[in-house]
Protein chains: 2
Amino acid sequence: MIFSKRCLHALRAVLYVGTQPPERDYIPIREISTKLDIPFHFLTKILKDLADQGFIESSRGAAGGIRLAKPTAELNVKEIIESIEGEDYFSGCILGFSKCDAANPCALHDRWVAIKEEIQKMLGEEHLESLSTRIQEQGLRLLEM
Amino acid sequence: MIFSKRCLHALRAVLYVGTQPPERDYIPIREISTKLDIPFHFLTKILKDLADQGFIESSRGAAGGIRLAKPTAELNVKEIIESIEGEDYFSGCILGFSKCDAANPCALHDRWVAIKEEIQKMLGEEHLESLSTRIQEQGLRLLEM
DNA sequence: TTTAATTAAGACAAAAAGGTCTGATTTAGA
DNA sequence: TCTAAATCAGACCTTTTTGTCTTAATTAAA
């Protein structure tokens, strides 16, 4: 699996929030945890990080929970992933070298550059809006089956 | 970073072996460990796994070490990676679902399919021969700098 | 046959990732 | 003002990954 559990939990959680009816304000983490079968306290920590990064907002107390901090069109999938996996998760060297570029390439550099740019392009184009729309219109799942 | 340490150590080790002069037979693991700055005992375990998988052969005792089990042209990079990261490392669902296919896709399925096929194609085309040649002819590195 | 050089095996330790628990704090609403 | 419902904070635990250490087994060559 390419992504860590943290990352998958985070993505599924924001997608869940993004596909809720617009009249809902804060969504309780307990609800997300139950619906998506993600450990509650673990999810709480992950979402706290996303809140610190400015992707979501949280409110304590009764009627509290989390909501998206920006319109879904402005919440980029690549940015969310990189905030969890690290900025250079997709831009780094496939053989793990810290400085690998055209001037000083590793043995797979040239071939990997083309692919990683496509991955970044694909993920950079995907926002919560496009994904949420697709999930709602086509009934795509957020749950393991 | 996409790959685990195990996987990077393994790839660099077999590339080191693959770029040695053909008159050399068994290469001591200690030499690989020192040259590539990989922890010796950790590398020994990783290489034992590669030997069990049939990628390399080992010999104990004086003048022992490891050597490739097949011609470099038959040692496929994708196969080596998958033997370490798992068979479905690149073929699996990007959102981590166990059953994700055209009939029952996740929200990123269609876009990810195209990319993962390219990754598999690229890595499937790369053998130790092509990489070793490139490393030797172009003086590409196996070392952190 | 002895010795030195090597991998194999397995116990152990350290670090990172994943997950649990308890209590403090905050908030809306009765 | 009180209470119930929520996040926040931090200690703690478990599992996986990464790495270390010691000893045994094997081998080539002196």
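In what follows, every heavy atom counts, from backbone to side chain, and hydrogens, waters and symmetry copies are set aside. To find a chain, count down the sequence lines: A is the first, B the second, and so on, and within it residues start at 1.
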Counting side-chain heavy atoms from C-beta on, which of C/dG18, D/dT7, D/dA11 comes nearest to A/K45? D/dA11

B/R6 (side chain) donor-acceptor with B/I84 (main chain) under 3.5 angstrom: no

Proximity to the side chain of B/S58 - top-ranked nucleotide from C/dG18, C/dA9, C/dT7: C/dT7

Separation of A/D25 atom CG from D/dT7 atom P, in whole Å? 13 Å

Table of protein N/O atoms under 3.5 Å from nucleotides 28-30 of chain D N/O atoms:
unit_1 : atom_1 : unit_2 : atom_2 : d
D/dA28 : O4'    : B/A62  : O      : 3.4

Is the closest basic N to carboxylate O distance between B/K45 and B/D49 below 4.0 Å? no

May I have the distance from B/R6 (atom CZ) to C/dA15 (atom P), rounded to whole angstrom? 19 Å

Can you find a side chain N or O atom of B/K48 that sits less than 4.0 Å from OP1 or OP2 on C/dA9? yes

Donor-acceptor under 3.5 Å (A/Q20 side chain, A/Y16 main chain): yes

Closest-nucleotide 5' rank along DNA chain C - winner of B/L47 and A/P39: B/L47

Between A/H41 and D/dA9, is there a side-chain N or O to OP1/OP2 distance below 4.0 Å? no

Is the side chain of A/S33 donor-acceptor paired with the backbone N or O of A/I38 at a distance under 3.5 Å, no angle test? yes

Side chain of B/F42: nearest nucleotide among C/dT20, D/dT20, D/dC8? D/dT20

Using a distance-only criterion (donor-acceptor N/O pair, under 3.5 Å, no hydrogens), is the base of C/dG19 paired with the side chain of A/K5? no

If you only use heavy atoms from C-beta on, which nucleotide in D/dG10, C/dA8, C/dT7 is closest to the side chain of B/I29? C/dT7

Can A/E126 and A/S130 be counted as having a side-chain donor-acceptor contact under 3.5 angstrom? yes

For the residue pair B/F3 and B/Y89, does the interplanar ring angle fall in the parallel (under 30°), tilted (30 to 60°) or perpendicular (over 60°) class? tilted

